[in-house]
S.K.: 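So that we are looking at the same thing, I have put the structure below in structure tokens.
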Amino acid sequence: SDPEPPVSIANAVIIYGLLPIALLYLTSFVDWTNPVLQRAGVFVQQHYEHPIVPAVQTRNNGEPLEVKASSQYLSGEQSERLDKIKSIKNEEASKTKHENNEKVEQARNAAHNDRHHRRKEEKAKQRKPEAHDRHKNVQNDRLSVVKSLDGKINALGIDFQNDPEDFYKALAYADALRERDINVHDGGSIQAESIQTYHTAINLIKSKWYAMEEETRLLNQDGRRLDINQELYLPQKSKSIQGLLVGAYSNLAMQYYMANMFEQAVNMHDEALELEPNFMASLLYRADTLVILGKYDDAGAAYSRVLEIDQDSEIADVFSGISKVLVAKEDSFSGGWDKMVDLLGKLIPVNERKLKSILPADMASGTAQSKQQRQQAQIILMRNLKKMHLAMFSYHDHQSKDETLAWNHLSMAYKYKMATLPPFNAAQEDLKVDTIKKIFTHGFWPAGVGSDSKQPIFIIGFPRSGSTLLERVLDSHPLIAGTGEDSVFNGMLDQIRNALVNASTEGDPNAIQRVVQQYAKKVDTTTHSRYMEIQRNLNDQHFEDPVRFVDKMLTNVSNVGFIHMLYPHALILHVAREPMDTIFSAYKHEFPPGLLDYTCEFESLAKLYNQYRDLIEHWDKVLPGRVTHVKYEDMVHDMPRLAKSVIDSTGLDWDDDVLNFHKKKHAVNTLSTTQVRKGVYKDSLQSWKRYEHNLAPLREMIGTYAANTFQTTLDSYKKIRRD
């Protein structure tokens with residue numbers, strides 16, 4: 001067959017538009033969509049054998065349309081004349097009839113073949129546009145979300161500028177900025193403005209707060225005094241001044257958290273709790289932040305306080321935090337594992353009964369609103385039960401060492417979780433990977449294009465593969481700073497694509513290089529300025545100005561083609577761990593909302609892992625040696641020598657303090673928060689073997705990728721091993 005035509009950069013950028021996974025699956029507020037509600041209902045119906053909504057569908061099949069042919073008859077005289085004419089021509093016609101039939105048949109066959117050929121050509125032409133359209137539609141959906149949020153921000157910003165003394169307008173503007181930061185991962189472009197606006201709103205509210213009598217501060221607009229936790233769900237103008245101030249401090253704390261300014265986040269929660277000691281949101285999120293800071297005793301005390309106030313144990317997230325601090329430091333939580341297990345032993349059956357009780361046989365009856373409320377209650381209870389079962393898994397996995405009970409709790413947790421998720425879109429994930437491989441082939445990258453900058457260091461790989469450990473090693477060098485997964489590069493990809501499309505249509509051979517240089521510089525300067533801003537907020541006067549910044553957005557495994565285009569000299573480190581250890585660790589950990597939600601199901605987890613391996617193989621094939629592999633097991637067994645090779649690959653001089661990475665006070669906001677503070681440990685090696693029987697189907701699903709074939713390819717490390 002004829003080779004496919006080459007893909008131009010313009011088309012490549014358009015088709016590639018939706019590929020960065022972290023931007024496709026935006027973290028957002030809970031969305032009670034019908035598919036989720038229906039999936040939740042189906043699960044509960046199967047689990048508790050209760051009918052929910054009759055799944056009776058009828059077709060409106062009408063009677064088939066009956067078409068009758070009409071006949072037309074001639075008069076006798078007309079018939080006679082026609083008969084004479086026919087008799088004259090019959091003889092001649094009979095001679096050529098056979099010949100004509102043959103010609104008609106030949107023409108019919110030729111026409112059929114021609115139509116078949118044209119259809120085949122049309123299908124071949126349409127294949128790429130179809131993929132392009134699907135990509136474009138998803139990208140447009142994402143861009144429409146960003147456009148909607150930006151429109152809201154612009155309107156509220158103008159409103160606040162026109163009335164800068166109105167604290168309601170200041171709060172509305174700050175909340176809109178924070179909502180964008182939660183939903184659009186663009187490297188935190190609006191975090192500073194959001195923080196500043198919250199401070200402005202707080203100062204405005206405090207001015208009124210100080211001018212009021214103590215009792216009136218607690219009264220809402222209706223003149224009633226409500227619990228601050230109840231006010232949380234009221235519109236801003238219906239809250240008391242006290243409630244507004246507490247909520248503003250708490251939201252500012254969460255914005256600091258998003259910006260990786262964890263000490264400031266704790267301070268703002270403290271301000272909220274000074275006004276209202278029982279404010280649940282600040283109690284819980286303050287405790288979560290303390291875990292990130294490694295302050296396990298303080299976190300454990302805070303979780304205990306949450307349990308004291310939440311007598312009905314409606315906030316199941318507390319058990320996720322408790323299990324983390326118990327794993328890290330058992331005596332940090334009063335009562336230890338026994339207290340948590342005793343509580344959950346009572347709460348799990350209670351919540352299961354609650355879930356069952358909201359499923360009467362007449363679930364189909366009632367108003368649409370009442371049915372939706374019952375469905376929402378189902379989802380809340382299932383999410384609570386998921387958290388509780390995961391905490392019990394953690395207990396049996398780490399403490400009792402009972403693998404059977406551990407696996408039972410893990411399986412039950414994920415049954416509840418999958419009931420609240422829409423189905424995994426395997427076809428879409430296949431399309432992404434196929435598109436990447438078709439576009440980024442040998443010869444795609446124009447000669448002489450790319451920045452000379454070596455500032456960014458990219459770490460790519462699969463979740464739970466040891467990337468945090470590698471980042472901490474790099475970050476411990478005085479001239480290297482880790483920025484976590486808040487990737488400025490990834491956040492600017494939309495802008496970069498659009499600029500490359502425009503440049504590729506200008507007809508100027510230097511246009512693409514100008515765009516690449518412009519955006520590489522923009523990514524570098526933005527990353528640097530954001531880091532310096534965080535350090536200033538930390539009041540750290542002794543930090544050095546880094547020359548390398550680590551970008552640990554693992555899903556950039558999809559974006560190596562663009563990374564190489566902008567930064568052909570930047571270091572790309574792929575951390576690779578024993579496959580079954582990797583995917584079991586991913587399976588048993590709950591990730592933030594997004595694509596990684598689906599690591600809790602064997603089929604989708606295997607699909608995601610196989611696609612990741614497929615992409616790594618692709619980059620090694622089309623860009624040989626461009627991605628440097630770092631084997632996790634080499635870090636564990638041979639850290640001193642491997643760490644020196646890693647630093648050598650950055651082009652910087654060795655610093656002995658690098659090997660003290662685990663003693664650094666740098667906050668680590670990752671699922672590996674507690675592990676990385678322990679330094680190098682071997683407990684996790686071959687941890688999947690404890691559950692080998694349960695994981696057998698998953699191992700079969702990843703096929704040949706189950707073999708641990710990766711080797712560290714750092715140049716100096718290879719030389720050390722040879723010597």
Side-chain angles (χ1 to χ4, degrees), residues 7-23 139 185-189 435-436 439-460 480-481 483 485-506 508-531 546-574 615-616 618-620 622-628 649-651:
V7 180
S8 70
I9 290 179
N11 287 335
V13 175
I14 294 172
I15 296 172
Y16 188 78
L18 60 75
L19 290 175
I21 298 173
L23 295 178
Q139 186 184 19
H185 297 170
D186 64 353
S189 63
T435 305
I436 293 173
I439 291 172
F440 293 102
T441 58
H442 292 289
F444 171 84
W445 295 271
V449 170
S451 168
D452 292 331
S453 171
K454 295 182 180 180
Q455 176 179 299
I457 298 172
F458 296 93
I459 296 179
I460 61 174
I480 303 176
T483 63
E485 296 176 4
D486 196 8
S487 170
V488 173
F489 166 79
N490 200 278
M492 288 187 182
L493 270 179
D494 280 339
Q495 299 176 43
I496 295 169
R497 290 188 202 99
N498 293 338
L500 285 172
V501 169
N502 294 333
S504 66
T505 58
E506 288 181 10
D508 181 355
N510 298 317
I512 291 176
Q513 172 64 355
R514 285 196 298 269
V515 167
V516 165
Q517 293 282 3
Q518 173 192 346
Y519 277 95
K521 184 177 181 180
K522 187 175 181 180
V523 170
D524 285 351
T525 55
T526 303
T527 302
H528 182 269
S529 63
R530 286 202 65 242
Y531 173 81
V547 297
R548 301 281 189 274
F549 291 89
V550 183
D551 182 327
K552 195 176 75 73
M553 178 65 83
L554 297 182
T555 50
N556 274 329
V557 68
S558 298
N559 301 322
V560 169
F562 271 128
I563 291 172
H564 183 61
M565 193 168 192
L566 261 70
Y567 296 105
H569 305 290
L571 186 61
I572 304 175
L573 298 173
H574 165 232
L615 281 174
I616 291 295
H618 176 72
W619 299 128
D620 283 344
V622 300
L623 291 170
R626 183 66 184 89
V627 174
T628 300
S649 70
T650 68

S.K.: For Leu500 versus Met565, what's the shortest heavy-atom pair and its separation?
M.R.: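 Heavy atoms of Leu500 and Met565 come nearest at CD1-SD, 4.2 Å.
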S.K.: To the nearest 0.5 Å, how far apart are NZ in Lys454 and OG1 in Thr650?
M.R.: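 Answer for the NZ-OG1 pair, Lys454 versus Thr650, is 9.5 Å.
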S.K.: Tell me every residue that passes ring-ring contact (aromatic ring centres under 6.0 Å, His included) with His528, counting only those two or more places apart in sequence or in another chain.
M.R.: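 His528 satisfies ring-ring contact (aromatic ring centres under 6.0 Å, His included) with Phe549 only.
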S.K.: Between CG of Leu571 and CZ of Arg626, what distance do you get to the nearest 0.5 Å?
M.R.: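 The CG atom of Leu571 sits 8.0 Å away from the CZ atom of Arg626.
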S.K.: Mind checking whether Trp619 and Ile436 have side chains closer than 4.5 Å, heavy atoms only?
M.R.: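 A side-chain contact exists here, since the closest heavy-atom pair is under 4.5 Å.
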S.K.: With side chains defined as the heavy atoms from C-beta onward, is the minimum distance between Phe458 and Asn559 less than 4.5 Å?
M.R.: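 A side-chain contact under 4.5 Å is absent here.
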S.K.: Verify, without hydrogens or angle tests, whether Thr526 (side chain) and Val523 (backbone) share a donor-acceptor contact under 3.5 angstrom.
M.R.: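 No.
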S.K.: Quick check for you: to the nearest 0.5 Å, what is the distance between Leu573 atom CG and Asp551 atom CG?
M.R.: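 Leu573 atom CG to Asp551 atom CG measures 11.5 Å (nearest 0.5 Å).
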S.K.: Do any side-chain atoms of residues 512-519 form donor-acceptor pairs under 3.5 angstrom with protein atoms, and if so which ones, sequence neighbours left out?
M.R.:
from, atom 1, to, atom 2, distance (Å)
Gln513, OE1, Gly450, N, 2.8
Arg514, NH1, Asp508, OD2, 3.3
Arg514, NH2, Asp508, OD2, 2.8
Gln517, NE2, Gly450, O, 3.3

S.K.: Got a second to check how far Lys522's NZ is from Met492's CE, nearest 0.5 Å?
M.R.: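 The CE atom of Met492 is 5.0 Å from NZ of Lys522, to the nearest 0.5 Å.
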S.K.: Tell me whether Asn556 contacts the main-chain N or O of Lys552 through its side chain, where contact means a donor paired with an acceptor under 3.5 Å.
M.R.: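 Not confirmed, Asn556 side chain does not pair with Lys552 backbone.
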S.K.: Heavy atoms, side chains only, cut-off 4.5 Å: are Phe444 and Val622 in contact?
M.R.: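 Heavy-atom side-chain distance check fails, nothing below 4.5 Å.
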S.K.: Any chance you could measure Ile572, atom CD1, to Ile457, atom CD1, to the nearest 0.5 Å?
M.R.: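 That separation rounds to 11.5 Å.
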S.K.: Would you mind reporting whether Val627 and Val557 have side-chain heavy atoms less than 4.5 Å apart?
M.R.: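 Side chain of Val557 against side chain of Val627, heavy atoms only: no contact under 4.5 Å found.
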S.K.: Checking Ser453 now: which residues fulfil side-chain contact (heavy atoms from CB on, under 4.5 Å) with it, not counting sequence neighbours?
M.R.: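 Partners of Ser453 under the side-chain contact (heavy atoms from CB on, under 4.5 Å) test: Ser451, Gln455, Pro456, Asp524, Tyr567.
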S.K.: What closest approach, in Å, do Ala511 and Glu506 show between heavy atoms, and which atom pair accounts for it?
M.R.: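 Heavy atoms only, the tightest pair is CB-OE1, 3.4 Å.
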S.K.: To the nearest 0.5 Å, what is the distance between CG (Leu493) and CG (Asn498)?
M.R.: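 So the gap between those two atoms works out to 10.5 Å.
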